[in-house]
Structure formats: C-alpha cells, structure tokens
Amino acid sequence: MAQVRRLAGRASLAEVEAEVSVCRACPRLVRWREDVAVAKRASFAGEPYWGRPIPGWGSPTPAVLVVGLAPAAHGGNRTGRVFTGDRSGDWLVASMHRVGLATQSTSVDSADGLELIDTRMVATVRCAPPQNKPTTAERDTCAPWIEAELRLVVDHVRVVVALGSIGWDATLRSFAAIGWQPPTPKARFGHGVEAVLTGPDRELTLLGCYHPSQQNTFTGRLTEPMLDDVLGRAADLR
Ligand code: SF4
C-alpha cells in the first residue's frame, strides 16, 4: 500500500507501469494471479503466463480512455496485456478496429502487432480476481494506480468509455480523486448514456457501455452494432 501511495501524482507513465507490474499489496489477489499462472488452463498449458498486475496499455497521449474492471485470469493475466487473449478482448478490439481506434481486429498476445489509435485501455483493479470480483478493500487498495495513470494522461483525454456499471463508478471515483467534478445531476450508468465530467479548465464526455463479457455477448444483451455505436461515438468525439 505504501508503494502505491508513494507513486500517486509524481511518476512518469513508464515508472507507473514498471512499479505496478511488481505490486503485491493485495495478498488474496497475489495468491490467485500466481496460482492461476502455475495451474494454467489446459488449452494454454504450453504457454508462459504473466501472472502479475497489468498496466494500462495504448497511447501515452490518449484522446479516448477505455476503463474496464480487471484483467481476466486466462486473458490479461496470461498475456500481460489488458483485454488480450480472451473473449472480451476479442469483442472490444474487433469493434475498436471497425470504428478506427485499433490497427487490427484481433488482440491475441503482447507481440501481435496491435496498436491502439488515440486510445488507452486501463483496468480499475490491476490483478485478476477470483470470479472477476475484487473486494471493496482490494478495489480501494488498487485505486491509486489508476489515479496516478490518470494524472499523467488526463490532459489529452476527450472522452472516457466506461465498461459496465463498475467501470462507470470507478471512473467517477478516479476522476473525483484527481479533482474533477461528477455530472450534475447525477448520471446513472446505462449503455449509450452520455455525461459530462468537469475539470479545472475544461469538460470531457463520459460514455456508458455494457461490458463485452460473455455474460453480455452470449445473451445478446450487447450486440456488435451496440458496441460499435458507443465506440464510434467515442471515435467521433476524440
Ligand atoms: S490489485 Fe492493484 S493494489 Fe492489489 S496487488 Fe494488484 S496491482 Fe497491487
């Protein structure tokens, strides 16, 4: 925790990325991420797993910031890159490619050549949690990492895409922590909802988007056109 607090507000992006990658502040999540990396999923048995926290990834000067919950046990926790090597990443990056925010339509591993265009993706909690559910204490412990990253990129950001209600709430908390005002009246999360965050000298747009988890994509709650609508709007606003 002291390591996390020490960084907030005074490191370069490269320093934040390096420091977070060795963070061990949450005992339960450290144990889980490392156990998963040893046990592995059968289909990845021959591959090395990252098994550590996942830094933000993409443009260092992003106009679009995509905020997710946490890396997947066999996705980011395996590949070392957020939204890479899992079904959620497949959906998200394919859509980003369709709307012009990614150079290719697949996100397979950290050496696949994919680049994000004007965009950065960050996870609210940087370690894969069991059942994709961090505790409130773990969420709060990890918060200084996203806040440190936000402070370093926020001057470039024009639009934030919050994935799911958890991403939405985390975005509001993180921006409040760096001195931005929440929407007034209070805006509730919904797919396609737009709200305004007010900073010291300008505003930016917050877009709500259903998370591209299998729970949403398998059930049809989130379709490709729905995802393209929100990410296309983000691309237009950048
Ligand atoms: S969840 Fe965040 S604070 Fe906790 S160990 Fe991982 S990087 Fe560190």
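Basis for what follows: all heavy atoms, side chains included, without hydrogens, waters or symmetry-related copies. Nothing here was measured: the structure is a model prediction, and the numbers come from that model. Atoms within each ligand, like the ligands themselves, are counted from 1 in listed order.
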Indicate the ring-plane relationship of F189 and W168, choosing parallel, tilted or perpendicular according to the 30° and 60° boundaries.
perpendicular
Could you tell me which atoms of ligand 1, counted from 1 in the order shown, lie closer than 4.0 angstrom to a heavy atom of V125?
1 (S)
Which ligand 1 atoms does R126 reach within 4.0 Å, using its non-hydrogen atoms?
7 (S)
Taking the side chain from E15 and the backbone from S12, do they hold a donor-acceptor pair closer than 3.5 Å?
yes
Compute whether any side-chain donor of one residue and acceptor of the other, for E138 and T135, lie under 3.5 angstrom apart.
yes
What atoms of ligand 1 come closer than 4.0 angstrom to any heavy atom of L29?
1 (S)
Assess, by modelled atom type and distance only, whether the side chains of T79 and S110 contain a donor and an acceptor separated by less than 3.5 Å.
no
Atom 8 (Fe) of ligand 1 to C142: any N/O/S contact under 2.8 Å?
no
Provide the number and element of each atom of ligand 1 under 4.0 Å from a heavy atom of C23.
3 (S), 5 (S), 7 (S), 8 (Fe)
Any N/O/S atom of C26 sitting less than 2.8 Å from atom 4 (Fe) of ligand 1, backbone or side chain?
yes
Say whether F175 and V153 are linked into one hydrophobic cluster, either directly or through other cluster members, by side-chain heavy-atom distances under 4.5 angstrom.
yes
List every atom of ligand 1 that sits less than 4.0 Å from any heavy atom of P53, numbering the atoms from 1 in the order shown and giving each element.
7 (S)
Can a side-chain donor-acceptor contact be found between S107 and R81 if the only test is distance below 3.5 angstrom?
yes
